[in-house]
Each structure stands twice: as structure tokens, then as C-alpha cells.
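These figures come from a predicted structure and were not determined experimentally.
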Number of protein chains: 4
Amino acid sequence: MRAHTGRRRNDAARRAILEAAAKLLACADPVTIDAIAAEAGVGRQTIYRWWPSKGAVLLEAMSELARQAAPRPDTGSLEGDLTAFLTATFRAAGTEPNTAVLRTAMAEALRDEHAAELLREFTAGRREELSAVLAPWVPAAELDLAVDQAFGVLWYRLLLGHAPVDRSTARSLAALLVRQLQSA
Amino acid sequence: MRAHTGRRRNDAARRAILEAAAKLLACADPVTIDAIAAEAGVGRQTIYRWWPSKGAVLLEAMSELARQAAPRPDTGSLEGDLTAFLTATFRAAGTEPNTAVLRTAMAEALRDEHAAELLREFTAGRREELSAVLAPWVPAAELDLAVDQAFGVLWYRLLLGHAPVDRSTARSLAALLVRQLQSA
Amino acid sequence: MRAHTGRRRNDAARRAILEAAAKLLACADPVTIDAIAAEAGVGRQTIYRWWPSKGAVLLEAMSELARQAAPRPDTGSLEGDLTAFLTATFRAAGTEPNTAVLRTAMAEALRDEHAAELLREFTAGRREELSAVLAPWVPAAELDLAVDQAFGVLWYRLLLGHAPVDRSTARSLAALLVRQLQSA
Amino acid sequence: MRAHTGRRRNDAARRAILEAAAKLLACADPVTIDAIAAEAGVGRQTIYRWWPSKGAVLLEAMSELARQAAPRPDTGSLEGDLTAFLTATFRAAGTEPNTAVLRTAMAEALRDEHAAELLREFTAGRREELSAVLAPWVPAAELDLAVDQAFGVLWYRLLLGHAPVDRSTARSLAALLVRQLQSA
DNA sequence: GCCTAATCGAGACGGTACGTCACGTCTTCAC
DNA sequence: GTGAAGACGTGACGTACCGTCTCGATTAGGC
């Protein structure tokens with residue numbers, strides 16, 4: 001038995017696919033596999049060879065996009081750190097095309113188990129970031145719920161659009177959470 | 001001029017459609033117009049005559065389902081009222097088939113503007129309920145954000161599934177929010 | 001038992017329907033019941049009350065249109081009479097909108113037994129006309145086939161459109177048929 | 001540049017579609033695309049990929065069916081050849097399921113320009129056959145009209161059904177045409 | 001002058017077929 | 001074996017007409 005024969009995976013194709021997906025993700029309208037393949041100059045099968053579904057491609061593309069976002073602030077106070085984190089996060093999420101990307105990603109995750117898994121991983125990563133920020137000051141028992149309150153507001157507003165996702169929201173939310181967490 | 005001519009809308013068909021939609025909504029797998037029509041014993045066109053899209057039917061069905069849910073508690077304390085409201089709400093939303101219904105409704109709203117509008121209306125109604133509960137005790141400036149924190153946690157967990165939506169979550173959340181709001 | 005009570009049939013509606021059908025028949029594109037009803041300013045049911053199918057309306061409209069066409073020539077010779085008859089018939093049938101009417105009528109007759117029956121009646125009438133023209137000169141045994149040869153050429157060209165249906169065709173055909181019939 | 005990439009057209013599917021169409025064509029009742037697809041064990045889209053309309057499929061199927069029909073008789077006499085040709089043709093056309101096939105084909109051609117074009121091609125081929133039979137004996141100027149007389153009788157009777165399309169008709173018609181053509 | 005009943009325009013109803021779109025799989029040939 | 005190209009079976013979509021079934025309004029004898 002040979003360990004491996006034949007042509008090796010073309011990383012250029014992989015990157016082209018993710019970039020095409022990212023580009024289309026930002027357009028707000030539903031993304032098709034054909035569109036990704038055409039935009040990437042790639043055969044449809046090349047996508048299915050490496051990802052289990054359309055949603056998986058989109059989610060991976062989104063995760064790459066959002067990789068750089070997170071600062072790990074250290075201002076010396078809970079309120080300072082939390083404000084810095086939430087401000088950065090809300091500003092990023094509330095700005096197009098990111099808003100459209102996140103909404104489309106959630107839409108995909110609700111229809112595709114592969115995408116759902118990747119979105120769970122992505123959001124778990126974000127929660128860990130925020131947990132790390134809060135951990136020094138907050139009792140462990142309250143951590144998870146506090147984190148979900150912050151990201152809950154973010155996603156709830158993002159998906160429904162009834163209220164802004166912006167810097168000022170982030171600041172108010174940080175202040176409220178601080179009061180809640182420190183009054184223990 | 002006559003006020004109206006022609007056969008009137010068949011209310012039995014309308015109800016059959018919404019009930020069929022509600023039934024299928026609870027099944028967790030994607031709902032098709034054909035399935036609704038068949039389940040309701042109705043022609044497809046009768047659906048398209050009265051609703052602009054599949055999403056609109058589903059959202060209307062969901063809204064009818066959830067109409068009765070809300071208690072308007074009056075225990076005499078912020079913590080009592082809030083706990084009662086959130087406990088009831090989380091328990092309802094966290095129980096199948098309601099969880100599936102809400103997830104499907106959101107999935108539809110993310111792809112269909114008509115459904116989105118109806119989901120906005122539905123969630124606005126729920127926020128008003130909670131606002132009414134909080135209003136006596138909470139400064140107006142903090143109301144909206146507090147409400148979004150509560151429903152944010154609910155939807156965030158519902159959609160991602162990383163943590164439970166249950167009575168105990170509701171109680172913890174109520175306690176946290178009370179601390180936050182009363183420490184002002 | 002009373003012989004009859006209630007409102008009588010509205011002849012204006014009947015005429016409006018046939019005229020609307022005639023008008024739409026002339027347009028070459030497929031005619032719908034809705035279009036007839038709208039054009040006639042009539043409810044759909046008023047059509048179905050009096051005709052068994054769409055085709056029946058169209059065929060009756062066509063028959064009324066074509067009622068006046070037939071001359072009963074008497075030039076004193078077989079060739080003269082035949083030429084006169086065929087010339088008139090081919091010129092009428094070969095001119096728009098009559099061509100479209102006949103084609104549409106046949107299309108309808110091929111899908112609708114009521115229309116087929118009416119088209120059979122209509123064409124039977126036309127064949128009788130031609131038979132009457134030929135009868136004085138042609139042995140009875142050959143009459144039917146000769147008549148079918150004439151109308152056969154007419155319809156064959158009308159339906160396929162590979163060759164004209166015009167006065168000169170009529171004259172050539174008349175001459176050929178005369179030779180055939182007189183050489184007995 | 002490559003001459004061609006991608007999977008090739010599946011000829012088995014093509015044949016299955018045409019055979020299914022032929023089979024359904026013979027059933028006298030209206031043919032649907034779904035029925036063809038199901039009978040052929042093929043997706044609907046595979047039909048639309050290769051034929052512009054339902055009529056085009058049906059006409060192509062009919063043309064294949066009728067390909068073998070034509071004898072090219074050579075009995076040494078006009079009457080002999082013509083009788084042989086018309087007898088064979090009328091017998092074939094006048095026998096079920098061929099009659100139903102031809103009627104359905106015409107019905108389709110009257111509603112669908114693609115089918116009309118294919119029916120024109122088919123009938124043109126048949127006319128050429130008959131022209132070739134007649135050419136040695138008939139002046140060119142009279143050829144087309146004589147041919148249209150023969151096929152005219154065939155189609156006229158086929159479509160209206162007022163008189164038989166059979167061997168004896170063919171013989172009488174041949175005799176009449178011979179008299180007409182030879183008495184010049 | 002009512003009563004009865006059939007007709008009218010309007011339009012909603014359950015159906016059937018249409019032609020399109022996107023999916024995820026498969027097949028072909030080039031590399 | 002991987003790549004682009006593209007045909008394949010599948011199944012939902014939204015539209016167009018069909019022929020039937022209500023509606024309330026209108027009309028016209030028979031009593």
C-alpha cells in the first residue's frame with residue numbers, strides 16, 4: 001500500500017473558496033453553492049470534497065473573518081475591561097457587512113447541522129474570551145449567565161433588528177452588568 | 001357600489017392552514033407549502049391567496065400558538081414578579097415542541113422579510129409584557145436594555161443550544177437582574 | 001309544478017361572451033376562460049351555465065363568425081362553380097384573423113370533446129356546401145373523397161403553414177379536381 | 001482550450017425519455033412532463049435541459065416512431081407506386097396507436113412553436129417521400145399540390161374523424177389522383 | 001304587491017401541470 | 001488523486017388555469 005498517490009490538495013482553491021464565501025456572505029442575500037464555486041473559479045465538487053455542506057463553508061469563512069476581532073483588554077478594573085471588550089465586539093458586530101455575515105451564518109446554522117456545530121464552536125470561543133475578561137472579578141457561579149447576557153443582547157438585537165448594536169449600547173450594558181456583578 | 005361581491009373567505013380553511021402549520025412547525029424538520037396544504041386539506045393557491053410567503057404563515061401560526069402564554073404576575077415585589085414571568089417564559093420556550101417552533105420561526109424570519117416583520121411584532125409584544133412587569137421598579141432609561149438582556153439570554157441559548165433554557169436559569173437570571181436594577 | 005319561474009337568460013351576456021370569444025380567438029394566443037369572462041364583463045359561472053366547456057364557447061363563436069362565408073355559385077360549369085367556391089373559401093380561410101381562428105378552433109377540438117363535436121358539425125356543414133356544388137357533375141361514389149381532397153388541402157396547409165392558402169392555390173386545385181372528376 | 005469538459009450527456013436517459021414519450025403518446029390522453037419523467041425514470045430537469053418544451057419531446061418521439069414507415073415503391077407504374085405508398089401510409093396512420101400519436105402531435109404543435117417546427121420538419125420529410133414517388137410521372141408544377149391533396153385527406157380525416165383513414169380510402173384516392181394527373 | 005326562484009357579476013375553493021432553482025452526487029478528461 | 005466542468009435525480013417553489021362553489025344583488029313570472 002502506498003501512503004498517498006496523486007495530486008495534492010490545492011490550497012489556493014481552498015482559500016479562493018473561503019474568500020468567495022466571505023464575499024457572498026457579506027451581500028445579505030442567500031448564498032448558493034453555485035455562486036461560491038463560480039466566484040472562486042472552482043468546481044462544485046471541490047467544495048463538497050472538503051466540506052460536508054454549504055453551511056460548513058459559510059461558517060468556516062465567517063470564523064476566519066472574525067478571528068482577529070477579540071482584544072484581551074487589561075485596564076485594571078472590571079468596568080474598564082468589560083467596556084473595552086463589549087465596545088469592540090458590539091462595534092464590530094453592528095457594522096456592515098459583519099451584521100449580514102452573522103445573520104446569514106445563523107440562518108445557515110438553523111438549517112444545517114454542520115453549520116450549527118461550527119457556529120457553536122465559534123460562539124463558544126467568543127464566550128471564552130469574555131469569560132477570561134470577567135473571571136478575575138466575578139464568582140464562577142455567575143460567569144456563564146453574565147456572559148450569555150452580554151452575547152444574548154448582541155444576537156437578540158442583531159437578529160431582530162429592533163434596536164441598535166452599537167458602542168453606546170455596549171457601554172450601557174457594561175455598566176449594568178458591572179452593577180449586577182459587583183453588588184453581590 | 002357594493003361593499004363586497006363574490007364568495008367570502010372560508011374561515012375553516014384559514015384555521016385549518018394555521019393549525020396544519022402549527023403542527024408541522026412542531027416537527028422540527030423543514031416545513032413545505034405542499035405539506036401545509038396537504039395537512040390542511042387545502043389547495044396550495046389558497047395559502048398564497050392570503051399569505052405573502054411560507055414564512056408569513058408559519059409566523060402567524062406561531063403567534064397564535066404563543067398568544068396565551070404570558071402571565072401578568074403581581075407578587076408585590078420586583079424579584080417576585082420577575083421570577084414569575086421569567087420562570088413561566090423560560091419553561092414554555094424551553095419545552096418541546098415550543099423550542100422547535102421558535103427555532104424554525106427564526107430560521108424563516110432570517111430568509112423571508114414578511115416572516116421577519118411578523119417575528120418582530122411577536123417579540124415586540126413579548127417585550128412589552130416584560131416591560132410592564134418591570135416598569136414600576138425600574139428607571140425608564142434602563143428598561144429596554146434590561147428586557148433585551150432577559151430575552152437575549154432566552155433566544156441566545158435557544159438558538160445555539162449550548163446551555164439550557166429552564167426554570168433554574170430563569171431564577172438565576174431574575175436574581176441577577178434584580179441586583180443590577182436595584183443597585184442603582 | 002310551474003313551468004318556469006325566476007330571471008330569464010340574459011341574451012346580452014350570451015352575445016357579449018361570443019363576441020369576446022371571437023375577439024380573443026383572433027389573437028392567435030391561447031384563450032382562457034378568465035380572459036373571455038373579463039372581456040365580456042361577465043362572471044365565469046355565466047359561461048359554464050350555458051356552455052359545457054371552454055372549447056364549446058370558442059367553437060360556437062367561430063361557427064357564428066363563419067356563418068356568412070359560403071356562396072352557392074352557379075356559373076353553369078363544374079370548373080366555374082368549383083373555382084368560385086374554392087376561391088372564396090380559401091381567401092376567407094387564408095386571411096387573418098380567420099387563419100388564427102381556425103387554428104385555435106382545431107387546437108381546442110383536439111383537447112375537448114365538446115369542441116370536437118362542434119368542429120365536426122361545422123366542417124360537416126362546409127362539406128355539404130361543397131357537395132351541393134359538385135353533386136350535379138360528380139358521381140356520388142366519388143363525391144366524399146373529392147370534397148375531402150379540397151378541404152384537406154385547406155386544413156393541411158392552414159395547420160402546418162408550409163404553403164399558402166390563397167386564391168391561386170384555390171384555382172390550381174379547382175383545375176386539378178376538375179380534370180380528375182371529368183376524366184372518368 | 002479543451003473541446004469539452006464535464007460529464008457527457010447520458011444517452012440512455014435520452015432514449016428512455018423518448019421511449020417514455022412515445023409510450024404515453026400512444027395512450028390518447030394528455031401527456032405531462034412529470035409522467036414522461038416518471039416513466040423514463042429521469043428527473044424533470046433532465047428533460048428541460050435538452051428539449052425546449054414538452055411539445056418538442058413529443059414531436060421528436062413521434063418522428064422516431066414514424067421513421068421506418070416509408071416504403072419507396074417501384075412497381076413500374078404511377079398507379080402502382082402511388083397505391084402502394086398511400087396504402088401503406090394510410091394503413092399506418094389509421095391504426096391505433098398511431099392515430100392518437102399523430103393527433104396529439106398536432107395538438108401539441110398548435111400550442112407550442114418548438115413542436116410546430118418539428119412537425120413541419122416531419123411532414124416535410126413525408127412530402128418529400130411522396131414527391132419522389134410521383135416525380136417521374138408528374139409535371140413539377142403540379143407536384144406540390146398533388147402531394148398536399150394526398151396528405152390533406154389523411155390529416156383532415158385523422159383530425160376530424162368523420163371518415164375512415166384506411167386502405168380502401170387510400171386506393172380510391174390513388175385512383176382519383178392518377179386520373180387527375182394523367183389526364184393532362 | 002309580495003313570493004319564489006333562476007340569473008347575474010364577483011371571487012374564493014381544491015386541484016393539476018407548469019417551468020425554474022438549488023441541492024448534493026456522479027462522470028469525464030486534463031493535469 | 002485532485003481539479004474544473006457539467007449532467008444527473010430530487011424535490012420545493014410560485015404561477016396559471018381549470019371547473020365548481022358560494023355570495024348578495026337583480027329580475028321576472030305566479031299568486
- Query: With A:Arg103, which residues qualify under side-chain contact (heavy atoms from CB on, under 4.5 Å), at least two apart?
  - Reply: A:Thr99, A:Leu159, B:Leu110
- DNA chain F-proximal residues of residues 18-27 of chain C, any heavy atom under 4.0 Å: none
- Message: Which residues in residues 102-114 of chain D have a heavy atom closer than 4.0 Å to any atom of DNA chain E?
- Response: none
- Residues passing the side-chain contact (heavy atoms from CB on, under 4.5 Å) test with B:Ala100, sequence neighbours excluded, are B:Ala28, B:Glu96
- Using atom OH of A:Tyr48 as one end and atom P of F:dA4 as the other, report the distance to the nearest whole Å. 15 Å
- Query: What residues form a side-chain contact (heavy atoms from CB on, under 4.5 Å) with B:Ala12, not counting sequence neighbours?
  - Reply: B:Asn10, B:Arg15
- State which residues pass side-chain contact (heavy atoms from CB on, under 4.5 Å) with C:Pro52; sequence neighbours excluded, sorted by chain then number. C:Ala56, C:His114
- Is it true that a side-chain atom of C:Lys54 and a backbone atom of C:Val31 form a donor plus acceptor pair closer than 3.5 Å? yes
- Set of residues satisfying salt bridge (Lys or Arg N to Asp or Glu O under 4.0 Å) with respect to C:Arg9, sequence neighbours excluded: none
- Mind calculating the distance between CD1 (D:Ile17) and C1' (F:dA7) to the nearest angstrom? 11 Å
- Query: For nucleotides 12-17 of chain E, read 5' to 3', which letter fits each nucleotide if B means a protein heavy atom sits under 4.0 Å from the base, S means only the sugar-phosphate is that close, and - means neither?
  - Reply: BBSB-B
- Query: What residues form a salt bridge (Lys or Arg N to Asp or Glu O under 4.0 Å) with B:Glu117, not counting sequence neighbours?
  - Reply: B:Arg120
- Excluding sequence neighbours, so at least two apart, what forms side-chain hydrogen bond (donor to acceptor under 3.5 Å, both in side chains) with C:Trp155? none
- Note on the structure: Those residues at least two apart in sequence (or on a different chain) that pass salt bridge (Lys or Arg N to Asp or Glu O under 4.0 Å) with C:Asp29 are none
Using a 3.5 Å cut-off and no angle test, enumerate the donor-acceptor pairs between side-chain atoms of residues 38-47 of chain B and protein atoms at least two apart in sequence or in another chain.
residue, atom, partner, partner atom, Å
B:Glu39, OE2, B:Lys23, NZ, 3.0
B:Arg44, NH1, B:Asp34, OD1, 2.4
B:Arg44, NH1, B:Asp34, OD2, 3.2

- Task: Return the value, rounded to whole Å, for the distance between atom CD1 of C:Ile47 and atom P of E:dT7.
- Result: 15 Å
